[in-house]
Amino acid sequence: MIQEERVEALNAMERRKGKYVLYWMQASQRAQCNHALEYAIVQADALGIPVVAFFGITDSFPEGNQRHYKFMLEGLRDAKRSLEKRGIQLVIQRCSPERGASMMSRDAALAVVDRGYLRIQKAWRRDGAAAMDCPLLQVESDVVVPVKEASPKEEYSAATIRKKLRRKLTSYLVPLKEARPLADSLALDFESFPVEDVEQALSHLEVDRSVQPVPVLRGGSEEAGRHLEIFLDEKLEHYAEFRNDPTRSYLSLMSPYLHFGQISPLHIALRISGSGAADAEAYLEELIVRRELGINFVFYNDRYDTFASLPDWAIGSLKAHGQDPRPYRYSRREFEEGNTHDPYWNAAQREMVLRGKMHGYMRMYWGKKILEWSSTPEEAYQTAIYLNNKYELDGRDPSGFMGVAWCFGKHDRPWGERPIFGNIRYMNAGGLKRKFDADGYVQLVRRWESQNAEVGAEGNDLPR
DNA sequence: ATCGGCTCGCGCAA
DNA sequence: TGCGCGAAGCCGAT
């Protein structure tokens, strides 16, 4: 079911005769549980024409590097294969997405695009819509509840959006029907950037190669589905108990796949929900409430990647303590190399640099300490955003921007005033030790690093 | 081990 | 206008 609240016309063009319906794939890089794709199929069937899918790959996505591109190409390879099985051609071109999409729209009756919430994604859609002579319809496919339906404004906390989201779940937490288009587009003649051989495709892109691809996770909808099944079979029943213990592997690993749209949050939620068990509820809290709070944040707050996005009380309090002496002070480079005095912080940083993913619990401690050990809170904020975007596979994602902001007071309440932090919630290493074997975590990261140095990617398995 | 205070402001009840 | 309560905690008192 495609609720009409998911659909929005991005320009005022009239429908016209055309050879196909264009699905401009951008955020939802998958063939399964994709409302935008299904919407395009419904439109095409009604017009008696096929669907052509298009993806524009730009070498210069801001802060994108080889690590991200490889993961994305693995996903595009899966998407192309899966679409072909349904008789839909995926045309991939090296170009700025909105320009490629508008070129491809010339022979289209209408165009459909998925929704993105970041500045650049909004700009691409706006510019694409303006350049097209046919209608461009946006269909929101990477959230359970459409962002404007969840709330008409920037939310103050998880508590405020939680109630609003819960009220809407009966309408939106429902399966999407998938169809094979009546007309096939495989025979249409288009040039496409080949992605079947991912290494070769990667070598043809002129991207930043300073960060290595990750040894553990491979991209694509197929891998996403495999990890989801492992999570459901082996991990979900202990999720509430172990999710905040980074020495155990009890997370779903969905966030990189969600970031690239290689899996649908609706699909995950439908697989999880129903039991009502505490573990399922805890997971749905992360998947829906927390994730869609992040989307609310970046959608309504244009300064989502800066210190200025914080609430007034946090900015005032941090500024009032801007001159407080810092017990330790590190440069961006010292942080980046994981060379602080704190073995727990260094372990978290190195986990991220090596594996493209930092454990959720450690992300909080990591950000809080960057604030504590930087010259100014503004500099700390920039450092955290820079490192997160560069190394995390799910960097440059609403959840990541929100995660950094939370460490600086966003979506949180004020706490007892103290040096440097002011009223921002404080965390220290004692908290880690109370919750899990913090020294065991340091050892674990060391093992990952030495395994990676010795045998390369093959020996690098997840902890059990 | 457990508990209250820390401190601001949203959102709803009245 | 008043009041309850909040993304993951810390700290000191008991």
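What you see is a predicted model; the values in this text were computed from it and never measured. Chain letters run A, B, ... following the sequence lines, proteins first and then strands; every chain starts at 1.
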Fill in: P-based separation of B/dG4 from C/dG4 [nearest Å]
15 Å

Item to complete: Take atom CG of A/Leu293 and atom C1' of C/dA7, then tell me their distance rounded to the nearest Å.
Response: 9 Å

Item to complete: Flag the pair A/Phe61 / A/Tyr69 as yes when their ring centroid distance falls below 6.0 Å, and as no otherwise.
Response: no

Worksheet item: Which part of the nucleic acid, if any, lies within reach of A/Trp406 when heavy atoms closer than 4.0 Å are counted: base, sugar-phosphate only, or nothing?
Response: base

Worksheet entry | Spacing between A/Leu310 atom CG and B/dG9 atom C1', to the nearest angstrom | 16 Å

Practice prompt. Figure out the CG/P separation between A/Leu318 and B/dT7, and round it to whole Å.
Written response: 15 Å

Discussion item. Does A/Asn428 reach a base, just sugar-phosphate, or nothing at all? Heavy atoms under 4.0 Å.
Written reply: sugar-phosphate

Fill in: Nearest-angstrom distance from the residue atom CZ of A/Arg162 to P of C/dG6
8 Å

Response to the item:
Rounded to whole Å, CG of A/Leu432 lies from C1' of C/dG9 at a distance of 11 Å

Discussion item. Nearest whole Å is fine: how far is C/dA7 P from A/Leu284 CG?
Written reply: 17 Å

Worksheet item: Between A/Lys435 (NZ) and C/dG9 (C1'), how many Å, whole number?
Response: 7 Å

Worksheet item: Does a sphere of radius 6.0 Å around CD in A/Glu222 hold more than 12 heavy atoms from other residues, nucleotides or ligands, not counting ones at 6.0 Å or beyond?
Response: no

Discussion item. Regarding A/Lys153, tell me which of base, sugar-phosphate or nothing describes its non-hydrogen contacts under 4.0 Å with the strands shown.
Written reply: sugar-phosphate

Worksheet item: Is any side-chain N or O of A/Ser157 closer than 4.0 Å to OP1 or OP2 of C/dA7?
Response: yes

Practice prompt. Select base, sugar-phosphate, or nothing to describe what A/Glu417 touches, counting heavy atoms under 4.0 Å on all strands.
Written response: sugar-phosphate

Worksheet entry | Aromatic plane relationship, A/Trp373 with A/Phe335 - under 30° parallel, 30 to 60° tilted, over 60° perpendicular | parallel

Discussion item. By the 4.0 Å heavy-atom rule, please label A/Met362 as base, sugar-phosphate, or nothing.
Written reply: nothing

Worksheet item: Would a 4.5 Å heavy-atom cut-off, applied to side chains only, mark A/Arg209 and A/Asn65 as touching?
Response: no

Worksheet item: Expressed in angstrom and rounded to an integer, what is the separation of A/Lys433 atom NZ from C/dC10 atom P?
Response: 12 Å

